[in-house]
Each structure stands twice: as C-alpha cells, then as structure tokens.
Amino acid sequence: MTEVGPSTGWREVVGADEEERHRRQADGFVAMQVRKSGKYGVGRALHRRQVAALRARVDVLDGLPEYARQGLFAGPGSFEAWLRVSNGGFNVAADKTPDVRGFSIKILGVSGQGALGGEAKSQDFALINHEHFSSATSEDFSGVVLTTGSTPGGAIRRLIGSPSLVPKVREVVTAIRTPFTGFATQDFFSAAPVAFGPYAVRVRIAAASDQVDPAAPQDWGADLFRRLAVAPLGYELQVQFFQDEASTPIEDASATWTSPYLTVARLTVPQQEPDEEFAKTVEAARFDPWNALVEHRPLGEVMRARKVAYYASQQARSAKP
C-alpha cells in the first residue's frame with residue numbers, strides 16, 4: 001500500500017452568506033457574554049474561568065523534515081510563551097463540574113507578517129481536550145452554545161423553535177461528560193486546521209505525564225502547581241498534516257483526522273509558583289488563533305467564524321493586545 005504524505009492540495013470553501021452569518025453569531029455571543037458578566041464580573045464569552053496562568057518555553061526541534069520547516073518552525077529556536085488553561089464554560093463553576101477544558105498558548109518574540117495584516121506580535125494556539133468539535137459548522141456550534149447559555153425559558157423556546165438542535169445539544173453534553181484527568185495528563189487539540197506554510201495541519205499538545213492524581217478534579221490549578229513544585233512539565237507540540245479531503249477535511253470541524261502526528265517542538269513549563277499579578281496580565285490578554293503568523297493562519301469555516309466572534313468578545317471585555 002502506498003503511504004499518503006502531506007499534501008498542498010487543500011482548499012477553503014467560503015459561503016456567500018458567511019459575513020452576515022458570522023456577524024449575527026458574534027452578536028449572540030456578546031449578548032450572552034454581557035449577561036454573564038453581569039453575574040460573574042467582566043470576562044470572556046467562553047472559557048470564562050482561568051484555572052492557571054503559566055510561563056513556558058517553546059523549543060523548535062532541529063532536523064525536521066523539509067515539509068515541516070515552515071513559519072515559526074522553519075529552523076531550531078527557543079521562544080518564551082504564556083499559557084492560559086481554563087474551564088470552557090460560560091459560567092464560573094467548580095472544577096469538578098463536567099466541561100470542555102482549554103489550553104491556550106501565546107508564543108512571544110515571533111517576527112513576520114501577521115494573519116490579520118501588519119506585523120505578528122505572537123503566535124497563538126487555542127486548544128481544547130477534544131480532537132474535534134461536536135459541530136461541523138459555526139452555525140451548529142453557536143446554536144448549541146447560545147441555547148445552553150440562555151435562560152431556562154429562553155433555552156426551551158430555542159429548542160421548540162429549532163428541534164434539530166436537540167440531538168446536537170445531547171452530543172455536546174455527552175462530549176462534556178468525557179472524563180478529564182488534568183492539564184498535565186491529557187492531550188489538547190486545535191480541533192480545526194491552520195496553515196503550515198503551503199500545507200495545512202491540526203495541532204496537538206501531547207500530555208506531559210501519565211501519572212494521574214485522583215484529587216486533581218477538586219482544583220485543576222493546584223494539581224499543576226503541586227507537580228511544578230517537584231519538577232518542570234514537558235509537553236510535545238505536534239502537527240497532523242492534511243492529506244486529502246476524505247481523511248482530513250478542511251471545512252468539517254466535527255471530523256477526526258486520520259493522518260499521523262509529527263513532533264515539531266517541545267513545550268516546557270519550568271518550576272514556578274502561582275503569580276497573582278502575572279495571572280491578571282494573562283487574564284486580560286487576547287489568546288486568539290488569529291494572532292498568528294500568516295504562515296499559520298487559521299483555516300476553515302469555524303475558524304473564520306472565530307475571527308469575528310473573538311474580536312467582538314475581546315472588544316466587549318476591553319482585552320489587552
């Protein structure tokens with residue numbers, strides 16, 4: 001059998017109504033964000049609860065295959081980074097509450113054209129503990145989030161008006177209830193593609209440890225800092241290349257890609273203690289997949305929707321660049 005390798009044959013398919021649709025979705029997220037901020041204080045629409053803010057270092061590996069030497073990963077080098085790990089919900093809930101978990105990386109000291117124009121100030125990756133989204137499109141995703149984030153009466157009205165949302169909500173609830181063991185012991189995924197020079201990839205952070213602490217769900221941040229009191233945490237930053245539209249689709253965020261992962265960098269979290277001032281800086285910052293080098297611009301309809309929604313949410317909370 002012939003092995004299929006990375007391909008540059010990917011393409012995006014942009015819908016004629018995307019601009020209006022994405023703006024409408026963003027308006028819905030901001031309305032929910034403002035309502036939740038009235039209850040919890042100013043914060044993000046999603047991933048509202050910051051579990052920990054961490055300083056880190058990204059070391060790009062030497063000797064990568066030629067096709068993998070793209071953008072930030074063109075050659076060996078070391079970069080400082082900030083990490084924001086979070087519970088994914090729109091509410092502030094106890095850590096043991098089932099939720100999507102977020103692992104966002106802001107790689108500093110990059111240089112080159114930015115995905116949004118001008119000079120890139122950082123290379124960000126926004127990852128979750130699921131290999132793919134529960135929804136194929138932003139319309140499905142926003143419908144589920146805005147329904148579950150509504151008031152009880154509003155949620156009922158939405159489900160009555162759009163009964164097709166019922167199985168989608170059930171699917172999301174099932175995904176959220178997937179057991180989670182901690183931010184050191186689980187993999188995290190971009191779940192949607194980004195460019196990698198002329199190629200396209202999904203990104204994964206491979207777990208730093210296989211030693212699960214049964215007490216971790218009581219306080220995810222405390223679990224991280226207990227580990228860091230003993231030794232640094234070392235993760236692998238990996239990419240999964242587009243091969244063909246059947247096995248690695250660009251526009252379907254609900255699909256699981258089947259191509260192999262390649263480690264392109266090491267992510268090291270050195271020993272450190274909680275830093276309240278640094279945590280405030282990280283909480284105020286923008287972790288956005290569109291904060292990126294043009295060589296790593298986000299791809300696909302869900303990522304294009306995120307560009308509009310993230311910007312609107314950042315404006316609503318006066319986020320720092």
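In what follows, residues are counted from 1 in the order of the sequence shown. Values below: every heavy atom of this structure, side chains too, minus hydrogens, waters and symmetry copies.
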- Query: Do the numbers put R55 on top of the ring of F278, so that NZ or CZ is under 6.0 Å from the six-membered ring centre and no more than 45° off the axis?
  - Reply: yes
- Query: Does the pair W82 and I105 meet the rule for a side-chain contact (heavy atoms from CB on, under 4.5 Å), with working shown?
  - Reply: CA-CA 6 Å; W82 294 353; I105 309 168; over 6 Å; no
- Task: Indicate whether any N or O donor in one side chain lies under 3.5 Å from an N or O acceptor in the other, for T137 and E301.
- Result: no
- Message: Distance to the ring centre below 6.0 angstrom and angle to the axis at most 45 degrees; does that hold for K307 and W290?
- Response: yes
- Message: When you compare the side chains of R84 and Q50, does any donor N or O come within less than 3.5 Å of an acceptor on the partner?
- Response: yes
- Task: State, to 0.1 Å, how close R227 and A184 come at their nearest heavy-atom pair, and which atoms those are.
- Result: CD-CB, 3.6 Å
- Task: Give the C-alpha distance, both sets of side-chain angles, the deciding distance and a yes or no for ring pair (Phe, Tyr, Trp, His ring centres under 6.0 Å) between F103 and Y235.
- Result: CA-CA 12 Å; F103 192 113; Y235 301 82; 5.3 Å; yes
- Message: Can you pull out every side-chain hydrogen bond (donor to acceptor under 3.5 Å, both in side chains) where at least one residue sits in residues 23-32? Sequence neighbours excluded, please.
- Response: R24-E139, Q25-S138, Q25-E139
- Ring center gap for F241 and W257 short of 6.0 angstrom: no
- Find out whether the Lys NZ or Arg CZ of R204 is both under 6.0 angstrom from the six-membered ring centre of Y261 and within 45° of the ring's axis. yes
- Task: Could you check if a side-chain atom of F196 sits within less than 4.5 angstrom of a side-chain atom of V239, using non-hydrogen atoms only?
- Result: yes
Contacts under 3.5 angstrom, residues 207-216 side chains, donor-acceptor by atom type, not counting sequence neighbours:
from: S209; atom 1: OG; to: Q211; atom 2: N; distance (Å): 2.9
from: D213; atom 1: OD1; to: A215; atom 2: N; distance (Å): 2.9
from: D213; atom 1: OD2; to: R226; atom 2: NH2; distance (Å): 3.4

- Message: Go through it in stages, so that I can follow the logic: the residues are Q238 and T263, the test is side-chain hydrogen bond (donor to acceptor under 3.5 Å, both in side chains), and I'd like the CA-CA distance, side-chain angles, deciding distance and then a yes or no.
- Response: CA-CA 4 Å; Q238 303 175 325; T263 298; 3.1 Å; yes
- Message: Please check: side-chain N/O of T281 versus main-chain N/O of E277, any donor-acceptor pairing under 3.5 Å?
- Response: yes
